[in-house]
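Here's the structure we're looking at; comments come further down.
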Amino acid sequence: MNDGTGLEQASQMVAAATAEITAAATPAALEDVRVKYLGRRGRLTLAMRELGVLDPETRRQAGATLNAAKEAITAALAEAAERLGRAALEQRLAAERADVTLPVDYGGGGRIHPISQTIDEIVAIFGEMGFVVAEGPHIEEDFYNFTALNIPPEHPARQEHDTFYLPERPDGTRRLLRTHTSPVQIRTMLAQQPPIRIIVPGRTFRADHDATHSPMFHQVEGLVIDRSTHMGHLKGCLIEFCRTFFAVDDLPVRFRPSYFPFTEPSAEVDIGCSRAAGRLEIGAGGDWLEILGSGMVHPKVLQNCGIDPTQYQGFAFGMGIERVAMLKYGTPDLRTFYESDLRWLRYYGFLPLDIPSLVRGPLVGVGAA
Ligand code: PHE
């Protein structure tokens, strides 16, 4: 300390430190400068430690000078830290910028499977009518799949279902892969009080395999239970569905008497089509295609679920999803749905943002091809 107060030394140190701080381009470089001057063995720290050997008056002045230098360097460091932080943020903002006005680039990207798209379409239509989606397990108890649906053991309908059974349990009972989505009717009625208005898309299983049958396929079930629900509601609801789904306003819809153990009366539903020149076309044409089963819920089924059939009634329906998907989108072979062939999916699949919604107009998926 040549002038005894350290003034010159201190101002040199501040000038040097400030220059180095200005030059520091990264937080690490800045930290090096801090350690060099203010660290435990830093230049300013050591100078302050030397104050002890001075006489009291000189020490007071030198102390004040060095403290001022320390404050100046500390302030310069803080300012530089903020500057570097801001610069880093700006760099990130520039690098991570996304132009949200660019058109979506589908590139070689994924496609929505026609079964998923069809389920979304069906759910969109019934959703507009006030139905909510319900689901149930694929592995089912005999009670829900058969008995509660008025199909007791030995009933001939059990043979028709080609059921996959799981190994027998110690008590002799067997669980099974559900053969239809109807067990979800039972699960829902046991779990909640009417009014009920559900739609149940999901996988179903039957031991059957050829060009028009797969051991795993999809169904969608519908169930409505209320005090005054009647056959007119069933018809209106399903006619509206068929016309909206196939996007044909005047599509003929026919209800043909049929039989299911869990509905009475029962009806199968046909839609109009033409097969002129070997080409199948949905619409008025004098020919018919069966697309779903339906009926008024059997009083015994209501009773099995603890619902009083003198107070409540309702209707149910079940439809094969592959079948209506094939009809609507012209997929020729059922088995191709499950082959996971990317070329097939690129042709028959749907663009990810082609989300079915009645708000956007008729439900005609544009496909990806
Ligand atoms: N579960 C029946 C089937 O798989 C379809 C159906 C459901 C019929 C509901 C009537 C009512 O064939």
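Atom set for the values below is all heavy atoms of this structure, side chains included, hydrogens, waters and symmetry mates excluded. Note that ligands are numbered from 1 as they come in the structure, with each ligand's atoms numbered from 1 the same way.
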Heavy-atom contact under 4.0 Å between Met319 and ligand 1?
no
Of the side chain and backbone of Phe262, name the one, both, or neither that has a heavy atom under 4.0 Å from an atom of ligand 1.
side chain
Counting only heavy atoms not in Arg97, do more than 12 sit closer than 6.0 Å to its CZ atom?
no
Using a strict cut-off of 4.0 Å, indicate which atoms of ligand 1 neighbour a heavy atom of Ala316.
9 (C), 11 (C)
Identified ring-ring contact (aromatic ring centres under 6.0 Å, His included) partner of Phe337 from the options Trp344, Phe217, Tyr348, Tyr329
Trp344
At a 4.0 Å threshold, what atoms of ligand 1 neighbour a non-hydrogen atom of Gln185?
9 (C)
Here's one to test your reading of the geometry: is the NZ or CZ of Arg187 within 45 degrees of the ring axis of Tyr144 and under 6.0 Å from its centre?
yes
In terms of residue, atom name and distance, what is the protein heavy atom nearest to atom 5 (C) of ligand 1?
Gly318 CA, 4.0 Å
Relative to the heavy atoms of Ser182, which atoms of ligand 1 are at a distance of less than 4.0 Å?
1 (N), 7 (C)
Please determine whether a side-chain nitrogen of the Lys or Arg among Glu135 and Arg178 lies less than 4.0 Å from a carboxylate oxygen of the Asp or Glu.
no
Where does Ser294 meet ligand 1, judged by heavy-atom distances below 4.0 Å: at the side chain, the backbone, both, or neither?
backbone
So is there a nitrogen or oxygen of Arg206 less than 3.5 Å from a nitrogen or oxygen in ligand 1?
yes
Please list, in number order, the atoms of ligand 1 under 4.0 Å from a heavy atom of Gln219.
3 (C), 4 (O)
For ligand 1, which part of His298 has a heavy atom less than 4.0 Å away: the side chain, the backbone, both, or neither?
neither
Less than 3.5 Å between some nitrogen or oxygen of Thr263 and one of ligand 1, yes or no?
no
Contact check: Glu221 vs ligand 1, nitrogen or oxygen atoms, below 3.5 angstrom:
no
How are the rings of Tyr259 and His155 set to each other: parallel, tilted or perpendicular (split at 30° and 60°)?
parallel
Are Arg86 and Glu82 within salt-bridge range, i.e. N to O under 4.0 Å?
yes
Closest non-hydrogen atom pair between Pro252 and Gly283, with its separation
CD-C, 3.9 Å
Under 4.0 Å from any heavy atom of Phe317, which atoms of ligand 1 are there?
7 (C), 9 (C), 11 (C)
Verify the neighbour count for atom CZ of Arg83: are there more than 12 heavy atoms of other residues, nucleotides or ligands below 6.0 Å?
yes
Check the pair Thr173 / Asp142 against side chain to side chain donor-acceptor pair (under 3.5 Å), numbers first and verdict last.
CA-CA 8 Å; Thr173 60; Asp142 184 286; over 6 Å; no
